[in-house]
Student: 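So that we are looking at the same thing, I have put the structure below in structure tokens.
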Amino acid sequence: MVEIKSLNKKFKKKLALKNINIKLNNTGFISIVGESGSGKTTLLKCIGLSLKFDGEILVNDYSLLKPSKTSQNLYKNKFISFLTQDFSLIEELNIKENIELPFLLRKEKIDLNVIEKGLIDVGLDRDFLTKKINELSQGERQRIALLRAILNQPKILLCDEPTGNLDSKNSKIIYDILKKLSQKILVLVVSHSEDLNREYSDRIITLEKGEILSYEVLSEIKESEENIFKVENIKLKQDLLLRIN
């Protein structure tokens, strides 16, 4: 599904990523590990198109760098979701408002019943809807952040140290949810937690000084047959418009 070819990323004159080449299934739990400064988060941001880079990223043989800005925005808004260790929640808003915000910014609506069901799926209940963020524990905050990312219905979930601020109990709760998700979508997790990586991952990619040191296969991945991109012959400003299922 996703193929990264000859990817290089330079910050000023220093190469942060060097000749990265990876092929990934459209489902599965993939851990990206390595020492601090090895390029883990940089790689995640390149896949999310939040950093410019040299090289190519292909989805179903379709280059993400060739479409129009509209196509790239569709990819970033509808195809992927990010989950970070700092939760990215707004303290002044309640949980319902935090979840609705990204949809409102795209002039979309999300049904309240969908949010309520989502709360149950992450081990919470509808009583949390009106709670403010400062009323929540760290584990509850991350579950809300994860729920918001899930409700976007991404094909790829990019997680940057999602349990970095959590204790072991809440870390396992988050990893259990991510593992279940990985049966239907591709989950990429940057993490320093070696025990959790070994327990949950289908693949482990180890980076060292911006290069792939190893690619370890831990378990079989049953790949979905769903065609995640539909590319139609519709011209938009002299370019193909990328359609996302």
Side-chain angles (χ1 to χ4, degrees), residues 1-2 24-30 44-50 57-60 62 64 67-84 87-90 93-126 128-129 140-160 162 173-190 200 202 221-232 234 241-245:
M1 180 193 81
V2 177
L24 301 170
N25 299 63
N26 59 5
T27 60
F29 192 113
I30 316 297
L44 212 65
K45 289 182 177 179
C46 287
I47 295 172
L49 299 188
S50 57
I57 295 180
L58 300 146
V59 178
N60 286 6
Y62 191 74
L64 295 179
S68 64
K69 285 293 183 183
T70 300
S71 299
Q72 291 181 13
N73 287 336
L74 278 172
Y75 171 80
K76 288 188 281 188
N77 290 332
K78 299 295 291 182
F79 188 80
I80 61 172
S81 284
F82 271 97
L83 181 67
T84 61
F87 317 129
S88 298
L89 299 170
I90 299 176
L93 302 180
N94 64 30
I95 288 175
K96 176 176 176 289
E97 292 165 337
N98 265 282
I99 291 172
E100 289 176 331
L101 183 59
F103 295 91
L104 292 173
L105 292 174
R106 297 195 300 266
K107 298 181 180 179
E108 299 174 5
K109 288 185 178 181
I110 182 167
D111 191 276
L112 181 60
N113 291 328
V114 174
I115 298 176
E116 290 179 347
K117 182 182 181 303
L119 284 169
I120 294 170
D121 288 341
V122 296
L124 303 174
D125 58 54
R126 70 180 312 278
F128 277 79
L129 281 172
E140 289 168 343
R141 292 183 189 206
Q142 190 60 301
R143 277 188 268 177
I144 294 301
L146 177 54
L147 173 58
R148 184 174 61 183
I150 293 170
L151 291 179
N152 192 44
Q153 296 185 315
K155 304 296 184 182
I156 302 177
L157 182 59
L158 304 171
C159 309
D160 190 6
I173 290 172
I174 294 298
Y175 266 70
D176 283 337
I177 298 170
L178 293 177
K179 185 63 176 180
K180 186 175 180 180
L181 281 170
S182 72
Q183 297 172 13
K184 296 182 178 180
I185 67 172
L186 178 61
V187 177
L188 295 173
V189 180
V190 166
Y200 288 88
D202 298 306
I221 296 174
K222 184 178 180 181
E223 189 164 4
S224 170
E225 296 179 356
E226 179 186 6
N227 183 9
I228 55 172
F229 271 172
K230 289 181 180 177
V231 183
E232 301 174 356
I234 300 174
L241 175 62
L242 186 62
R243 295 289 188 180
I244 300 172
N245 285 342

Student: If the condition is side chain to side chain donor-acceptor pair (under 3.5 Å), which residues does Glu116 pass it with, not counting sequence neighbours?
Tutor: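 With neighbours one apart ignored, the set is Arg126.
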Student: Can you list the steps and then say if Arg148 with Ser88 is a side-chain contact (heavy atoms from CB on, under 4.5 Å)?
Tutor: CA-CA 10 Å; Arg148 184 174 61 183; Ser88 298; 3.8 Å; yes
Student: Within a radius of less than 6.0 Å around CD of Glu108, do more than 12 heavy atoms belonging to other residues, nucleotides or ligands occur?
Tutor: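 Buried by this count: over 12 neighbours within 6.0 Å.
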Student: Determine whether Val2 and Asn26 make a side-chain contact, defined as any pair of heavy atoms from C-beta on separated by less than 4.5 Å.
Tutor: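 They are not in side-chain contact.
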Student: If the condition is side chain to side chain contact (heavy atoms under 4.5 Å, CB included), which residues does Leu101 pass it with, not counting sequence neighbours?
Tutor: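 By the side chain to side chain contact (heavy atoms under 4.5 Å, CB included) rule, Leu101 matches Ile90, Leu93, Leu105.
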Student: Kindly compute the distance separating CD1 (Ile115) from CD1 (Ile95), expressed to the nearest 0.5 Å.
Tutor: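 Ile115 atom CD1 to Ile95 atom CD1 measures 10.5 Å (nearest 0.5 Å).
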Student: Mark yes or no for whether Gln142, through its side chain, and Thr84, through its backbone, hold a donor-acceptor pair below 3.5 Å.
Tutor: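 Present.
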Student: Does the side chain of Val189 reach to within under 4.5 Å of the side chain of Pro162, using non-hydrogen atoms?
Tutor: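 They are in contact (side-chain heavy atoms under 4.5 Å apart), so the answer is yes.
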Student: Would you give the length of the straight line joining atom CG of Leu181 to atom CG of Leu83, rounded to the nearest 0.5 angstrom?
Tutor: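 The CG atom of Leu83 is 10.0 Å from CG of Leu181, to the nearest 0.5 Å.
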Student: Contact between Leu157 and Leu146 at the side-chain level, heavy atoms closer than 4.5 Å - yes or no?
Tutor: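 Leu157 reaches Leu146 side chain to side chain.
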Student: Mind checking what makes side chain to side chain contact (heavy atoms under 4.5 Å, CB included) contact with Ile173, not counting sequence neighbours?
Tutor: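 Here the qualifying residues are Arg143, Asn170, Ile177.
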Student: Would you sort out whether Phe79 and Val59 count as a side-chain contact (heavy atoms from CB on, under 4.5 Å), showing the intermediate values?
Tutor: CA-CA 11 Å; Phe79 188 80; Val59 178; 4.0 Å; yes
Student: Tell me, please, which residues at least two apart from Asp121 pass side chain to side chain contact (heavy atoms under 4.5 Å, CB included).
Tutor: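 By the side chain to side chain contact (heavy atoms under 4.5 Å, CB included) rule, Asp121 matches Lys117.
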Student: How would you list, by chain and number, every residue that makes a salt bridge (charged side-chain N to carboxylate O under 4.0 Å, His left out) with Lys45, sequence neighbours excluded?
Tutor: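 With sequence neighbours excluded, Lys45 shows a salt bridge (charged side-chain N to carboxylate O under 4.0 Å, His left out) to no residue whatsoever.
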Student: Atom CG of Leu104 and atom CD1 of Ile110: how far apart are they, to the nearest 0.5 Å?
Tutor: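 The CD1 atom of Ile110 is 10.0 Å from CG of Leu104, to the nearest 0.5 Å.
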Student: When you compare the side chain of Lys109 with that of Phe103, does any pair of heavy atoms fall below 4.5 Å?
Tutor: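 No - every pair of side-chain heavy atoms lies 4.5 Å or more apart.
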Student: Go through the steps to decide whether Phe128 and Lys96 satisfy the test side-chain contact (heavy atoms from CB on, under 4.5 Å), and finish with yes or no.
Tutor: CA-CA 8 Å; Phe128 277 79; Lys96 176 176 176 289; over 6 Å; no
Student: Go through the structure and list residues passing side chain to side chain contact (heavy atoms under 4.5 Å, CB included) with Asp176, not counting sequence neighbours.
Tutor: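 Once residues adjacent in sequence are excluded, the partners of Asp176 under the side chain to side chain contact (heavy atoms under 4.5 Å, CB included) criterion are Tyr200.
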Student: Within the structure provided, determine whether Lys179 and Asp202 are in side-chain contact (heavy-atom separation under 4.5 Å).
Tutor: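 SC-SC contact between Lys179 and Asp202 confirmed.
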Student: Would you compute the distance between atom OG of Ser81 and atom CD of Gln153 and round it to the nearest 0.5 angstrom?
Tutor: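 Nearest 0.5 Å value for the OG-CD distance: 10.0 Å.
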Student: List the atom of Ala149, the atom of Phe82, and the distance in Å for their closest heavy-atom pair.
Tutor: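 Answer, listing the atom of Ala149 first, then Phe82: CB-O, 4.0 Å.
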Student: Find out whether Leu44 and Asp160 are in side-chain contact, i.e. whether some heavy atom of one side chain is under 4.5 Å from a heavy atom of the other.
Tutor: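 When only atoms from C-beta onward are counted, Asp160 and Leu44 do touch, with a gap below 4.5 Å.
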Student: Is there a side-chain contact between Ile30 and Ile221 (heavy atoms, below 4.5 Å)?
Tutor: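 Yes, their side chains come closer than 4.5 Å.
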Student: Rounded to the nearest 0.5 Å, what separation is found between the OG1 atom of Thr27 and the CD1 atom of Ile156?
Tutor: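 Separation between the atoms: 11.5 Å.
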Student: For Val190 and Cys159, run side-chain contact (heavy atoms from CB on, under 4.5 Å): C-alpha distance rounded to whole Å, both residues' side-chain angles, the deciding distance at 0.1 Å, then the answer.
Tutor: CA-CA 6 Å; Val190 166; Cys159 309; over 6 Å; no
Student: Rounded to the nearest 0.5 Å, what's the gap from CD on Gln183 to CZ on Phe29? Could you check?
Tutor: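 If I round to the nearest 0.5 Å, the distance is 12.0 Å.
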Student: Is any side-chain heavy atom of Ile80 less than 4.5 Å from a side-chain heavy atom of Ile47?
Tutor: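 They are not in side-chain contact.
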Student: Does Pro154 offer a backbone N or O that forms a donor-acceptor pair with the side chain of Asn152 under 3.5 Å?
Tutor: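 Not confirmed, Asn152 side chain does not pair with Pro154 backbone.
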